[in-house]
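Contents: one structure, followed by commentary.
Letters A, B, ... mirror the listed sequences (proteins, then strands); counts begin at 1.
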Number of protein chains: 2
Amino acid sequence: MRVSREKFAENREKILAVAGELFREKGFDGIGVAEIMKAAGLTHGGFYGHFDSKDELASEASKALVARSLERWKQVAASSPEQPLEALLAHYLSHRNVVEHATGCVFAALTQEVSRHGPEMQSTFTGGLMGLVEVLEEIVPGETPEERRRKAFASLSAMVGAVILARAMDSAELSQEFLSATRQELSPLPDESNG
Amino acid sequence: MRVSREKFAENREKILAVAGELFREKGFDGIGVAEIMKAAGLTHGGFYGHFDSKDELASEASKALVARSLERWKQVAASSPEQPLEALLAHYLSHRNVVEHATGCVFAALTQEVSRHGPEMQSTFTGGLMGLVEVLEEIVPGETPEERRRKAFASLSAMVGAVILARAMDSAELSQEFLSATRQELSPLPDESNG
DNA sequence: ATTATCTATAGATCTATAGATAATGC
DNA sequence: ATTATCTATAGATCTATAGATAATGC
């Protein structure tokens with residue numbers, strides 16, 4: 001049952017995509033190689049032709065997720081040149097990002113596990129988060145570059161923190177309150193449309 | 001090798017204490033019952049005389065950690081009646097809370113795993129986090145109760161988020177920048193002593 | 001002939017339990 | 001006699017590998 005060179009590359013991407021969803025949904029320790037391969041439509045044993053180990057898959061999947069997340073932030077900010085911060089807050093602090101773990105923010109899903117893995121993963125997350133800080137530095141209010149950098153770090157903490165805490169709530173109302181409160185506190189504009 | 005009724009109760013507390021540290025350090029899925037019992041100075045098999053399952057231990061340990069965390073916040077706020085918010089920020093946004101996972105904040109360590117466990121654990125974390133919101137509501141600046149409640153939710157998001165992101169950094173300088181930036185943004189006082 | 005995948009399994013680890021052991025406390 | 005702990009192990013699950021299988025591509 002061998003497969004073409006092209007199909008081989010497709011299979012690798014499929015494994016990475018499926019792993020990216022399952023890792024975000026269940027955590028690195030909450031899902032096994034066999035189940036990932038099954039979800040990708042392949043057999044367990046075939047995995048080791050694509051990756052040396054589960055750890056390598058976790059690293060590669062994280063890199064892809066972090067890179068895509070940063071791209072998305074840049075797109076969202078660029079798509080609203082007049083209110084980029086408000087667009088980013090609306091995009092990130094959303095109900096969807098609270099309930100859809102498998103396709104939501106990689107940082108809201110996996111950051112607490114990073115320090116328990118190797119330095120390579122820590123480096124990936126550090127780079128990704130600093131990329132988000134750079135996006136924020138250019139769109140947060142502030143007189144000086146120092147003030148904007150400070151606001152960028154603090155805003156990112158609040159945004160990721162709000163989604164993580166919202167996900168831990170057992171009530172949809174309290175989840176929403178974390179999102180709304182953070183959005184209002186971080187936005188310099190008086191809000192008009194707020195749920 | 002039976003043990004007195006009193007020693008039995010002590011052993012249970014020892015298991016809970018050790019589990020509380022190991023869960024925070026390695027995650028619920030990152031440590032097994034056998035290793036927890038070994039760290040408590042007991043044998044694997046003895047565990048099931050104290051708890052029905054690992055899940056029950058995780059629930060009980062979480063309850064204890066969350067309750068202790070809330071107590072600590074109240075103490076810290078009460079210990080500085082003139083600047084309770086600054087005291088809490090200094091206490092929480094500390095280098096110690098970034099590097100000492102086993103004894104640090106339970107929310108900074110385990111919140112991302114809560115939604116993957118049962119509703120009982122979600123209820124425990126929801127109650128604990130709402131307790132922290134109530135502490136903050138009374139000490140954050142704001143003209144109206146609504147504004148203070150909003151600031152309490154947003155401040156808690158930023159505080160927990162800052163420690164979680166600081167822990168993912170591969171550089172001590174960047175970790176510190178998350179803490180310092182968040183402290184400055186959340187404190188209404190101009191800071192004098194900042195590292 | 002090469003190589004991507006599949007089948008089957010080794011070896012380690014994890015939760016949970018059964019039965020034996022030995023000290024407590026009536 | 002009761003009961004807290006220990007020894008030993010069952011049964012499930014997990015990572016990783018070895019060898020067989022079968023399609024690709026020179």
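- Note: NZ (B:Lys7) to P (C:dT24) measures 12 Å, nearest angstrom.
- Counting all heavy atoms, side chain and backbone alike, B:Ile164 lies closest to B:Phe107 at CD1-O, 4.3 Å.
- The heavy-atom pair separating B:Cys105 from B:Asn97 by the smallest distance is N-OD1, 2.9 Å.
- Between B:Leu42 atom CG and D:dT3 atom P there is a gap of 19 Å when expressed in whole angstrom units.
- Annotation: B:Glu138, atom CD; neighbour count of heavy atoms from other residues, nucleotides and ligands within 6.0 Å does not exceed 12.
- Base pairing of D:dA8: its partner is C:dT17, meeting the Watson-Crick or G-U wobble criterion (both donor-acceptor distances under 3.5 Å).
- When the nearest nucleotides of DNA chain D are assigned to B:Gly41 and B:Arg5 by heavy-atom distance, the more 5′-ward of the two goes with B:Arg5.
- Contact record, A:Met159 with A:Tyr92: O-CE2, 3.3 Å, taken as the closest heavy-atom pair.
- Rounded to whole angstrom, the span from the CD1 atom of B:Ile15 across to the C1' atom of D:dT5 amounts to 11 Å.
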task: Report, as a single string ordered 5' to 3', how protein heavy atoms within less than 4.0 Å touch nucleotides 12-20 of chain D: B base, S sugar-phosphate only, - not at all.
output: ---BBB---
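- Of the residues A:Glu21, A:Arg24, A:Arg96, the one that meets the side-chain hydrogen bond (donor to acceptor under 3.5 Å, both in side chains) test with A:Thr103 is A:Arg96.
- The nucleotide C:dA23 finds its pairing partner in D:dT2, both defining distances of the Watson-Crick or G-U wobble pair being shorter than 3.5 Å.
- Considering only side-chain atoms of A:Thr43, the nucleotide from D:dG25, C:dT5, D:dT5 that sits closest is C:dT5.
- How far CZ of B:Phe28 is from OG of B:Ser62: 3.5 Å, rounded to the nearest 0.5 Å.
- Here the nucleotide nearest the side chain of B:Ser4, chosen from C:dG25, C:dT5, D:dG25, is C:dG25.
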